[in-house]
Amino acid sequence: MISLRELRIHGRGGQGSVTAAELIAVAAFAGGVYAQAFPAFGVERRGAPVQAFVRFDNQKVRLRSQVYEPDYIIVQDSTLIRDVNVFQGLKKGGIVIVNTEKALTYPIPEGVKVITIDATSVALKHLGLPITNTTLMGAFAAASGEIAFPALEGAIRQRFPGELAEKNVAAAREAFEFVKGVS
Amino acid sequence: MMEFMEGSHAVAHSVKHCRPEVIAAYPITPQTHIVEALAEMVANCQLDAEYITVESEFSALSACLGASAAGSRVYSATTSQGLALMFEVCFNCAGMRMPVVMSIVNRAMGAPLSIWNDQQDSISLRDSGWLQFYAEDNQEAADLHYLAYKVAEDRNVLLPAFVCFDGFILSHTYEPVDMLTQEQADSYLPRYTPVQRLDSADPISFGLFASPDYYMEFRYQIDQAVKGAAKKIASAGREFGEMFGRDYSDLVESYRLDDADCAIVAMGSICGTVKDAIDEMRKDGKKVGLLRLRSFRPFPEKEVRSALAGVNRVAVLDKNVSLGTKGAVALEVRDALYGQQVPVLDYIIALGGRDVRKKDIRAVVDMAGQGKGDLFYGLRQELVS
């Protein structure tokens, strides 16, 4: 029986992809799942393409390679699709969440589910900044079912102080409810 | 208690529990998170230690050496070029028998500059007299620090120790770690009582001149102490197991080796991927097992010989290379098996952070089956031909 599930997050330096991986894993761990989160170790520069990964399993994760055949993909910035094959290796039946305000015009692999959300607008509304990681975490919770929203809320509150935490929770919640509505 | 945390922070918390009295370190990627966390603990009065900021790794370890000679429990952490800059002081720590414990967040050596992982840095200090432990996961990375102090400070050992864990692959990964409480740590590791120390009331000297009439005996005694440390590792590792359920008494770990035809030998985080690959190969009927070396110094010669007694071939994964010959682990495994017929094949792998997947482990096992080895695995042929 295969119990391992894998998530790959594509973003640009500064968008909080590594934090997103960490907080998703914190929330999964809080829900009793064994989780492992790590970045693609690069030279981090603002704006450069970055990746971060999460593994979920019912038992200890021993595997240390990067994620090549994910069950889930989050794309924080749709302009990356021009430069990086963000869909590479996605499993059949996999789920992709893309931050975009437009319909995707790029070829989508067959047999996968694509959810688009204007996370930038959601983040701007709640945070006043186009930092979309917490918004997309809410979308991921709804689309994947890997993490419960209260656990995600807990992870965000543990990470950010006071008002900033509330703003991020509000952004995540709006995305969570939006995706629940469309999927 | 199970906590979900970054490898570096798990290590920093373990180190805090060990109550070092002096910490001197210089930040360098990918080690920085550890010493940042410790500096914060000291600044916040959560850890009662002298944190000495220095201008280089040479000074960091020199400060530790001096503080250790004065009778303090000391700690440092470094990697790669930072460790290279400590080279001279490393030999002095071992020669003066100072039980310094240092985390090595393994990283490749330049040039060319690489911030990514392999184990060339600590392996290159294999002749320095430091004990060397290699962690497979963050649990072990955290736990081995308690063990390292306990072994290093033993009056029959009195040697410095590296706790090595793979840079980024472990240091920057978040995963569950069962952290000891301060009370648990204190019950395992009492305060440090130096056998000898610098004391103006009772002056002695360390590290003096040794003429040809004396020098070899010093070296002999260090060699004996490194070899003899295995005994203390066994007792301290067993005690840890009895108290906290994780036994580190063995210098090696065997995984599905009992009926194996092919044994893989490796150290560090790659062993997790190897274990998963072995489970898959076993399902396909391939009898493959793993011998993981947790201690490289002392080198587990007897354990290697007995664990590999029944296998037909040995594939060693070396995340280092002694340029001009082979990987350090393969050379020593081959030496341990001297006089036996089993072929030991070496695979230089994952240098400078090149990722290793389960399929790479399967490919190595297939190559070993064909008797093909002693090579750099996975080279981009278009770049080297």
Side-chain angles (χ1 to χ4, degrees), chain A residues 1-4 6-9 16-45 50-70 88-89 137 147 151-152 154-156 158-159, chain B residues 2-9 29-30 33 105 107-108 113-117 135-140 165-178 255 266 268-280 283 290 292 319 349-350 352-361:
Chain A
M1 197 189 92
I2 295 165
S3 56
L4 177 71
E6 298 175 304
L7 160 67
R8 189 170 69 211
I9 302 173
S17 301
V18 177
T19 303
E22 176 198 332
L23 295 187
I24 287 170
V26 166
F29 176 68
V33 171
Y34 190 103
Q36 178 200 62
F38 58 106
F41 321 115
V43 182
E44 287 78 17
R45 284 158 297 154
V50 297
Q51 292 179 33
F53 312 103
V54 185
R55 290 196 168 100
F56 310 90
D57 206 331
N58 308 324
Q59 55 189 15
K60 181 180 171 176
V61 175
R62 300 183 299 198
L63 188 63
R64 297 290 174 186
S65 61
Q66 296 189 6
V67 169
Y68 296 90
E69 291 169 355
Q88 193 157 34
M137 283 156 52
I147 49 175
L152 181 58
I156 293 172
Q158 195 186 318
R159 176 60 185 253
Chain B
M2 271 294 182
E3 292 183 50
F4 192 81
M5 60 204 303
E6 194 194 53
S8 295
H9 287 150
T29 299
H33 290 183
V105 189
R107 168 181 150 182
L113 179 69
S114 169
I115 58 165
W116 291 274
N117 167 253
E136 177 184 323
D137 55 22
N138 286 338
Q139 183 69 62
E140 231 177 54
F165 60 107
D166 289 317
F168 292 115
I169 299 171
L170 293 182
S171 65
H172 285 54
T173 289
Y174 285 77
E175 62 186 24
V177 178
D178 187 6
Y255 184 77
S269 66
I270 195 174
C271 294
T273 303
V274 170
K275 287 173 181 173
D276 275 10
I278 285 174
D279 286 359
E280 286 184 6
K283 277 185 197 145
L290 166 71
R292 177 168 72 92
K319 277 186 158 188
I349 197 166
R354 190 160 299 182
D355 201 25
V356 174
R357 303 172 63 177
K358 286 183 285 184
K359 67 175 188 180
D360 298 311
I361 306 303

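Proteins come first, then strands; the chains are lettered A, B, ... in the order of their sequence lines, and each starts at number 1.
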Original post:
What residue, out of B/Ser269, B/Gly272, B/Pro30, B/Ala350, has the most heavy-atom pairs lying under 4.5 Å from chain A?
Top reply: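 Among the listed options, the one with the most contacts to chain A is B/Gly272.
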Subject >> Summary of salt bridge (Lys or Arg N to Asp or Glu O under 4.0 Å) pairs that have at least one residue in residues 27-40 of chain A, sequence neighbours excluded >> reply: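 Qualifying pairs: none.
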**OP:** Tell me, with the steps shown, if B/Asp137 and A/Arg64 meet side chain to side chain contact (heavy atoms under 4.5 Å, CB included).
**Re:** CA-CA 9 Å; B/Asp137 55 22; A/Arg64 297 290 174 186; 3.3 Å; yes
Original post:
Taking only residues two or more places apart in sequence, or in another chain, which ones meet B/Glu136 in a salt bridge (Lys or Arg N to Asp or Glu O under 4.0 Å)?
Top reply: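 For B/Glu136, the residues satisfying salt bridge (Lys or Arg N to Asp or Glu O under 4.0 Å) (neighbours in sequence not counted) are B/Lys275, B/Arg292.
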Working to the nearest 0.5 angstrom, can you tell me the gap between [X] [atom1] and [Y] [atom2]?
{"X": "A/Tyr34", "Y": "B/Glu175", "atom1": "OH", "atom2": "CD", "answer": "4.0 Å"}
{"X": "A/Leu23", "Y": "B/Tyr174", "atom1": "CG", "atom2": "OH", "answer": "8.5 Å"}
{"X": "A/Tyr68", "Y": "B/Lys358", "atom1": "OH", "atom2": "NZ", "answer": "12.5 Å"}

Of all heavy-atom pairs between [X] and [Y], which one has the smallest distance, and what is that distance?
{"X": "A/Glu22", "Y": "B/Phe4", "value": "O-CE2, 4.2 Å"}
{"X": "A/Ala35", "Y": "B/Pro176", "value": "O-CD, 3.3 Å"}
{"X": "A/Ser65", "Y": "B/Thr273", "value": "N-OG1, 3.9 Å"}

Contact class of [X] relative to chain A, heavy atoms under 4.5 angstrom:
{"X": "B/Leu170", "value": "side chain"}
{"X": "B/Glu3", "value": "backbone"}
{"X": "B/Met5", "value": "neither"}

